[in-house]
Amino acid sequence: MNHFSEKLLTWYDIHQRQLPWRADPHPYYILVSEFMLQQTRMETVLPYYHRFIEALPTIEQLASASEEQLLKLWEGLGYYRRVKNLHQTAQLIVAEHGGIVPSDPEVLKRFPGIGDYVAGAIASTAYQVKVSAIDGNVLRILSRLYCNEDDLSRAGPKRDLQSKLLALLPTERVGDFNQALMELGALVCLPNARPLCETCPVSADCCAYQTADPLDFPRKKDRRKVPVHLKTVLVVRSEEAVLVEPFGPGLLEGLASFPMKEGHLSPADIKALYPEAIISSLGPARHVFSHLKWDMIGYQVLLAEPEADWTPLSRLDRLSFPTALAVYRSSLEGSVSP
DNA sequence: ATCCGGTCTA
DNA sequence: TAGACCGGAT
Ligand code: SF4
């Protein structure tokens, strides 16, 4: 074991958070947790993980689960493509690998939703294969350890840092080493605040701490400002039921939605669409995605009689709505708005 | 209001 | 390789 990994693992043994997939690192648990942890914080993932594993304790049960159940288990977690990919990956593993999660990173990367990072994380954490697992935390630490000023969204600089990391990998406890690096990024080498270098186990090896300012690393890329889309959300309902339609291809694909019109429509516009209805405002709401914003207003459109294809309010909780529509979804809790 | 983050697609 | 994809923390 080299000096760097020795210090890191000693720190990890003391400071690691107790996590369900660490207590029992069964490959299926690692698979599920790594899909959830893509783009998503640990604290957010935990309750979802518990519910998911309780509902689907084995990869065979996941493989044969319904789309509706899976979407419900993922509701609010975001990046809903992940759960479709996880489902397909589980089905492929059951059909082609006897339900055993493969240990070869190159094999893992052929499954949908598994890229460089997740392949490395599963192989090293579940099987101790000696590969790196570079997520955003690790990339940030590496940029600081080596005072790397390159644009890390590009492949070349990323490869440079990966090769430096490979030289640090221990021959034993590779999975713990990768987990320890990510844990250090989450608990000490912080992304949005000054890192806690005084308590960092590898500060003696850190270029940024010893010779520069850690806050200057990694280099930030200037964020493109995102376009704003005006939307009007129509909660078309009776006392007993509501009109629900799924999002089409692309953003929030497959999740439940209400009819949405481009632009901000006036009550008179709504009245023209639904002459028989009682129109009332549900107020404004905004939602920010990475690449666009929705600036929404909502109306309740109350009709005396529901159409046959509307969803009874009693069955609404089976559907999965995105967080973007939380305000309008919650208007259906309790009684009809005034 | 701004920052953060893996994979896939074009 | 830039842009699409989501929600939460600060
Ligand atoms: S010394 Fe500071 S900047 Fe360097 S790795 Fe540790 S926490 Fe990060």
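Every chain is numbered from 1 and lettered A, B, ... according to where its sequence line falls, protein lines coming before strand lines.
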Problem - Contact list for residues 240-272 of chain A, test ring pair (Phe, Tyr, Trp, His ring centres under 6.0 Å), sequence neighbours left out - result: F258(A)-F321(A)

Close N/O contacts between protein and nucleotides 2-5 of chain B (under 3.5 Å):
| from | atom 1 | to | atom 2 | distance (Å) |
| --- | --- | --- | --- | --- |
| dC3(B) | O3' | N192(A) | OD1 | 3.3 |
| dC4(B) | OP1 | K220(A) | NZ | 2.6 |
| dG5(B) | OP1 | G136(A) | O | 3.4 |
| dG5(B) | OP1 | R140(A) | NH1 | 3.0 |
| dG5(B) | O3' | Q39(A) | OE1 | 3.2 |
| dG5(B) | N2 | Q39(A) | O | 2.7 |
| dG5(B) | N3 | Q39(A) | O | 3.4 |

Problem - Side-chain touch F217(A)/C147(A), heavy atoms, less than 4.5 angstrom - result: yes

Problem - Under 4.0 angstrom between H291(A) side-chain N/O and dG3(C) OP1 or OP2 - result: no

Exercise for the section: Determine which bases of DNA chain B form Watson-Crick or G-U wobble pairs with both distances under 3.5 Å, and write the result as a 5' to 3' dot-bracket string with | for other-strand partners. Expected result: ||||||||||

Problem - Any side-chain heavy-atom pair of M36(A) and S33(A) under 4.5 Å - result: no

Fill in the blank from the handout: Residue set satisfying side chain to side chain contact (heavy atoms under 4.5 Å, CB included) with H97(A), at least two apart, ordered chain then number -> I93(A), P102(A), V107(A), F111(A)

Exercise for the section: Send over the distance from Y48(A) OH to dC6(C) P, rounded to a whole Å. Expected result: 14 Å

Practice task
For the side chain of R154(A), starting at C-beta, report the closest nucleotide among dT1(C), dG8(C), dA1(B).
Solution key: dT1(C)

Problem - Distance, rounded to the nearest Å, where W294(A) contributes CH2 and dC6(C) contributes P - result: 10 Å

Practice task
Would you mind classifying the nucleic acid contact of F289(A) as base, sugar-phosphate or nothing, using non-hydrogen atoms under 4.0 angstrom?
Solution key: base

Practice task
Report which part of the nucleic acid L252(A) touches: base, sugar-phosphate, or nothing (heavy-atom distance under 4.0 Å, all strands).
Solution key: sugar-phosphate

Fill in the blank from the handout: Atom CD of E253(A) and atom P of dT7(B) are separated, to the nearest Å, by 20 Å

Exercise for the section: Take the protein atom CG of D150(A) and the nucleotide atom P of dT1(C), then report the distance between them rounded to whole Å. Expected result: 13 Å

Fill in the blank from the handout: Rounded to whole Å, CG of D116(A) lies from C1' of dC8(B) at a distance of 12 Å

Problem - Rounded distance (Å) that lies between atom C1' of dG6(B) and atom CZ of F35(A) - result: 11 Å

Handout entry: 5' precedence on DNA chain C between G156(A) and L255(A) (nearest-nucleotide basis)
Key = G156(A)

Exercise for the section: Check Q210(A), H3(A), K7(A) against D205(A) for a side chain to side chain donor-acceptor pair (under 3.5 Å) and give me the one that passes. Expected result: K7(A)

Handout entry: N-O pairing of R51(A) and E54(A) below 4.0 Å
Key = no

Problem - E75(A) vs S153(A), nearer the 5' end of DNA chain C by closest nucleotide - result: S153(A)

Result block: side-chain N/O donor-acceptor pairs under 3.5 angstrom for residues 288-299 of chain A, not counting sequence neighbours:
| from | atom 1 | to | atom 2 | distance (Å) |
| --- | --- | --- | --- | --- |
| D295(A) | OD2 | R286(A) | NH1 | 3.3 |
| Y299(A) | OH | L265(A) | O | 2.8 |

Practice task
May I ask you to test the L56(A)-L70(A) pair for a side-chain heavy-atom distance under 4.5 Å?
Solution key: yes

Handout entry: Heavy-atom check, side chain of L161(A) versus side chain of V138(A), under 4.5 Å
Key = no

Exercise for the section: Send over the distance from L251(A) CG to dT9(B) C1', rounded to a whole Å. Expected result: 16 Å

Practice task
Apply salt bridge (charged side-chain N to carboxylate O under 4.0 Å, His left out) to E240(A) and list each qualifying residue two or more places apart in sequence or on a separate chain.
Solution key: none

Practice task
Give a yes/no on whether any side-chain N or O of H287(A) is located under 4.0 angstrom from OP1 or OP2 of dG7(C).
Solution key: yes

Fill in the blank from the handout: Rounded to whole Å, the CG-P distance (N85(A) to dC5(C)) equals 14 Å

Handout entry: Minimum-distance nucleotide to R286(A) side chain [options: dG8(C), dG6(B), dA1(B)]
Key = dA1(B)

